[in-house]
Amino acid sequence: MEHKLHIYNTLSRKKELFVPLHEPNVGLYVCGPTVYGDAHLGHARPAITFDILFRYMKQLGYKVRYVRNITDVGHLENDADSGEDKIAKKARLDQLEPMEVVQFYLNRYHKAMDALNVLPPSIEPHASGHIIEQIEFIQKIFDAGFAYESEGSVYFDVEKYNQSHHYGKLSGRNIDELLETTRDLDGQSEKRRSVDFALWKKASPEHILRWPSPWSEGFPGWHLECSAMGTKYLGEEFDIHGGGMDLIFPHHECEISQSTAALGKETVKYWMHNNMITINGQKMGKSLGNFITLEEFFTGNHALLEKAYSPMTIRFFILQAQYRSTVDFSNEALIAAEKGLQRLSEAYNRLQKLTGSTETTVDVKGLLSRCEEAMLDDLNTPIAIAHLFEAAKSINTIYDGKATINEADLIELKNVFKLIVEDWLGLEMETAEGQSNSGSAYKAAVDLLLEIRQEAKANKDWATADKIRNQLAAAGFEIKDGKDRVEWSLK
RNA sequence: GGUUCCUUGGCCGAGUGGCUAGGCACCGGUCUGCAAAACCGUCUACGGCGGUUCGAAUCCGCCAGGAACCUCCA
C-alpha cells in the first residue's frame, strides 16, 4: 500500500510508520464500554477517535476487522460491597436480571453511537459470552507457569513474569516502584504480592453472575476478556489495540503480560490511546461524578449545559482537537464548534449550487492532498478541518461572485469536499432547503412564500415582507437575504 | 510520595529550530428598506528565568502552575 500513515505507538512513545502484519488486512481491537450506565461525553472520545481510524484505514484500501468489546462481567466495585460485580449490583438494586440491565444500556449506547455517526464495529463480543475462552486462556497462563491458585481464585504472578519479561513496558513503570505504591485491597492476603492481579475470582455467596471453572464457581478477572477476545477474533498477533489513556495502567499492561505469558509472544504491534475529556480541567468520569451523559448533551437537560448540542456538534467538537491531547468541555467551546460546523454546512450547500466558469481563480486544487497529509500524520483531524475552512472561504468567495472556478475543478472540489467531510470525518452536513426527507411540495410552498415576499419588497410593502419573514422565523425557518437571492433553511 | 505528560492571543485549538494554522468572540468595513446571514479587513500569542544557536513557541536546565496514572474508569 502506497502511503505513509504514521500513528503514535504508546509502546515506543513515538510516531511510527504503520505497517500491517498481513496486508491488506488490519486487525483493530478497542476497549469498549462497561454497560451498567449511560454513556457520557468521555465515552464519545475513543468511539469517535477509532471510528476515524477505522474509516480512514478503509479509505487507504485496508480490509479492517474492528473488534470492540462489551464488558458485562468481571468489573469489581470498590466499595463496601467489594467483590460484587458491578452489573450484578445494579441488577439487584433495580430488581432486574443482570442481562436485562446489560441489554438496556447496550441499546442506549448503540443509539448514542448511531447519533454520533460512529460506524458499528465488525464484531462486538460480550465478555459474558466468552467465559470458556477466558478459562482456556487462564489455563494457558497456568501451563506456562505464571499463575497460581489461592482459595479458589487464580492470580497472575507478576514478579515471576518480570524475571523474564518487562512488566511495566507500556506504562513505564517498574515493579519495585509498584510494590511500594500499590494500595492494600480486599483479598490482598490471598495474593503473594500486592502487584499480582486476578485472573479468576471465586464468587462470594451474594454474587449473582458466576460460572463454573476448574478452580471455583466465579468470574474472570477484568483484564482477561480483552486478551481472550482479541486473540480469538484477530489472532495471536494483531496490529492495533486502542482505548483511553486511563486504561494504560493497569489494564493494558496486564493484557500484555497475560498474552505474552500465555502465548509466548507479543500480541499487539501498535498501542493507541486517546486522551481524556476534562471538565473544569479535571477528567470527566464516573469516579468523580462530574460527567454529563451524551443524552443530556443532546437534550440540553443538565445544570451545566446552557443549551442542547446536536450529536454532530459533539462529534465536530471532539474532532477539532487531536486525539492525543486533552479537550476541555465548556459551553463556550461547544457553541464555537456548533457555529464552525454551521459554517462548513453552509459552504457545503453552496458548493452544490455553484456553476462552473472558464477559469479557476481560487486555490482549491490541493485540498485533498493537504487533508491527506494531515490524516496520515497520526490522524490530525484539526488540521484537516482547518483546510476545509479554507476551502469554505473559497466557496463563499465564488458564491459571492468575486472569484470563479472552472467546470473540472468544480466537480473535483465537490467530490473531494464530500469525501473528506462525510467519508473521512463522518460529519453529516445539514442539507440545504431543510432536511432532505421533508418533501418537495413543502419546499415549493416555502419558495412560493419567499417569492411573494420578494414581490412585496419590490413594491416596498415592508409590512408584508416582514410578516412573511417573521412568521417563517417563528415557525423555525432561517431566512438569509443575499445580494440577489434568498436562502432558507430549517433550524 | 513515585511515574508520565501538559502550560500557545478574550475562548477553543494546530504547530517541534527560520516560511507567523484554523474556528469562535470582539472591533471596523461591504451588502441591505431594516435586521439577520454572507463577504472582506483588523487584533501577531506561545507560563517564568537562564542556556544552546546566526536564529527558539519549537532543543537543554531550573522554577511555577496544572493533569493523568499508581484503585473501577474511555
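In this text the structure is predicted, and so the values were computed from the model without any measurement. Here is how names work: the chains are called A, B, and so on, in the same order as the sequence lines, proteins then strands, and each is numbered from 1. These values consider heavy atoms only, across backbone and side chains, with no hydrogens, waters or symmetry-generated copies.
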Problem set entry | Strand partner of B/rG33, provided both Watson-Crick or wobble distances fall under 3.5 Å | none
For this session: For A/Met276, answer base if it contacts any base atom (sugar-phosphate contacts may also be present), sugar-phosphate if it contacts only those atoms, and nothing otherwise; contact means non-hydrogen atoms under 4.0 Å.
Result: base
For this session: Give me the ring orientation class for A/Phe197 and A/Tyr167: parallel if the planes are under 30° apart, tilted from 30 to 60°, perpendicular past 60°.
Result: parallel
Exercise. How does protein contact run along nucleotides 9-22 of chain B, one letter per nucleotide 5' to 3', with B for base contact, S for sugar-phosphate only, - for none, heavy atoms under 4.0 Å?
Worked result: --S-SSS-----BS
Problem set entry | Identity of whatever pairs with B/rG65 - Watson-Crick or G-U, under 3.5 angstrom | B/rC6
Exercise. Does A/Arg469 make a side-chain donor-acceptor contact with the base of B/rC34, cut-off 3.5 Å?
Worked result: yes
Exercise. Say you pick atom P in B/rU53 and the same atom in B/rU42; how far apart are they, in whole Å?
Worked result: 38 Å
Exercise. How about A/Phe329 and A/His40: are their ring centroids closer than 6.0 Å?
Worked result: no
Seminar exercise, completed: Ranking B/rA35, B/rC69, B/rG33 by distance to the side chain of A/Arg173, first place goes to B/rC69
For this session: Looking at every strand, decide which applies to A/Lys286 at a 4.0 Å heavy-atom threshold: base, sugar-phosphate, or nothing.
Result: sugar-phosphate
Problem set entry | From B/rA38, B/rC69, B/rA36, nucleotide with atom closest to A/Glu478 side chain | B/rA36
Seminar exercise, completed: Side-chain atoms of A/Lys283 come closest, of B/rA74, B/rG33, B/rC70, to B/rA74
For this session: Could you tell me whether A/Asp114 and A/Lys111 have a side-chain N and a carboxylate O separated by less than 4.0 Å?
Result: no
Exercise. Tell me: CH2 of A/Trp271 to C1' of B/rA74, nearest whole Å?
Worked result: 14 Å
Problem set entry | P spacing across the pair B/rA25 / B/rG33, given as an integer number of angstrom | 25 Å
Problem set entry | RNA chain B: 5'-proximal contact among A/Lys457 and A/Pro33 (nearest heavy atom) | A/Lys457
For this session: Sticking with atom P, work out how far B/rA45 lies from B/rG2, rounded to a whole angstrom.
Result: 37 Å
Exercise. Has A/Lys307 got its NZ or CZ under 6.0 Å from the middle of the six-membered ring of A/Tyr309, at an angle within 45 degrees of the ring axis?
Worked result: yes
Problem set entry | Distance below 4.0 Å between A/Lys402 side-chain N/O and B/rU30 OP1 or OP2 | no
For this session: Scan A/His40 against the nucleic acid and name what it touches under 4.0 Å (heavy atoms): base, sugar-phosphate only, or nothing.
Result: base
Problem set entry | side-chain N/O A/Arg343 vs B/rC39 OP1/OP2, d < 4.0 Å | yes
Exercise. Ion pair present between A/Asp481 and A/Arg453, side-chain N to carboxylate O less than 4.0 angstrom?
Worked result: yes
Exercise. Can you check the A/Tyr105 OH to B/rC73 C1' distance for me, whole Å?
Worked result: 17 Å
Exercise. What's the NE2-C1' distance between A/His273 and B/rU4, to the nearest Å?
Worked result: 13 Å
Problem set entry | Parallel, tilted or perpendicular, as decided by the 30° and 60° cut-offs, for the rings of A/Trp424 and A/Tyr56 | perpendicular
Exercise. Whole-Å distance between B/rU30 P and A/Tyr399 OH?
Worked result: 22 Å
Exercise. Considering all heavy atoms of both residues, which atom of A/Phe219 and which atom of A/Ala203 are nearest to each other, and what is their separation?
Worked result: CE2-CA, 4.1 Å
For this session: Taking atom P in both B/rA21 and B/rA67, compute the distance separating them and give it to the nearest angstrom.
Result: 30 Å
Exercise. Roughly how far apart, to the nearest Å, are B/rA57 and B/rC6 at atom C1'?
Worked result: 14 Å
Exercise. In chain order, what residues pass the ring pair (Phe, Tyr, Trp, His ring centres under 6.0 Å) check against A/Phe316, with sequence neighbours excluded?
Worked result: none
Exercise. Of all the choices, B/rA37, B/rG33, B/rU71, which nucleotide is nearest to the side chain of A/Lys480 once you look at every atom?
Worked result: B/rA37
Problem set entry | Euclidean distance, atom CD1 of residue A/Ile248 to atom C1' of B/rC69 [Å, nearest integer] | 8 Å
Exercise. When all nucleic acid strands are considered with a 4.0 Å heavy-atom cut-off, which category describes A/Asn274: base, sugar-phosphate, or nothing?
Worked result: base
For this session: Would you kindly give the CD1-to-C1' distance between A/Ile395 and B/rA38, to the nearest whole Å?
Result: 14 Å
Exercise. Using a cut-off of 4.0 Å on non-hydrogen atoms, how would the nucleic acid contact of A/Gly243 be classed: base, sugar-phosphate, or nothing?
Worked result: sugar-phosphate
For this session: With C1' as the reference atom in both, quote the distance from B/rG66 to B/rG47 in angstrom, rounded to an integer.
Result: 11 Å
Exercise. Is it the case that A/Arg68 places NZ or CZ above or below the six-membered ring of A/Phe50, under 6.0 angstrom from the centre and within 45 degrees of the axis?
Worked result: no
Problem set entry | Residue met sooner reading RNA chain B from 5', once A/Asp466 and A/Phe316 are mapped to nucleotides | A/Phe316
Exercise. At under 4.0 Å between heavy atoms, what does A/Ile277 touch on the DNA or RNA strands: base, sugar-phosphate, or nothing?
Worked result: base
Exercise. Nearest to the side chain of A/His43, which nucleotide is it out of B/rC73, B/rC34, B/rA74?
Worked result: B/rA74
Problem set entry | Inter-nucleotide P distance (B/rG18, B/rU4), Å rounded | 28 Å
Seminar exercise, completed: B/rC27 -> Watson-Crick or G-U wobble partner, both distances under 3.5 Å, gives B/rG41
Exercise. Taking only side-chain nitrogens and oxygens of A/Thr34, does any of them come within less than 4.0 Å of OP1 or OP2 of B/rA74?
Worked result: yes
Problem set entry | Identity of whatever pairs with B/rA14 - Watson-Crick or G-U, under 3.5 angstrom | none
For this session: Indicate yes or no: does A/Arg108 engage A/Glu295 in a salt bridge with an N to O separation below 4.0 Å.
Result: yes
Problem set entry | Member of A/His273, A/His223, A/His241 meeting the ring pair (Phe, Tyr, Trp, His ring centres under 6.0 Å) criterion with A/His251 | A/His223
Exercise. Does B/rG1 have a Watson-Crick or wobble partner in any strand here, with both distances under 3.5 angstrom, and which is it?
Worked result: B/rC70
Seminar exercise, completed: Taken to the nearest whole Å, CD/A/Gln454 to P/B/rU32 is 13 Å
For this session: Determine the Euclidean distance between corresponding P atoms of B/rC26 and B/rC39; express it in Å to zero decimal places.
Result: 15 Å
Seminar exercise, completed: Closest to the side chain of A/Glu346, out of B/rC39, B/rA37, B/rC24, is B/rA37
Seminar exercise, completed: Rounded to whole Å, the CD-P distance (A/Gln342 to B/rC24) equals 10 Å
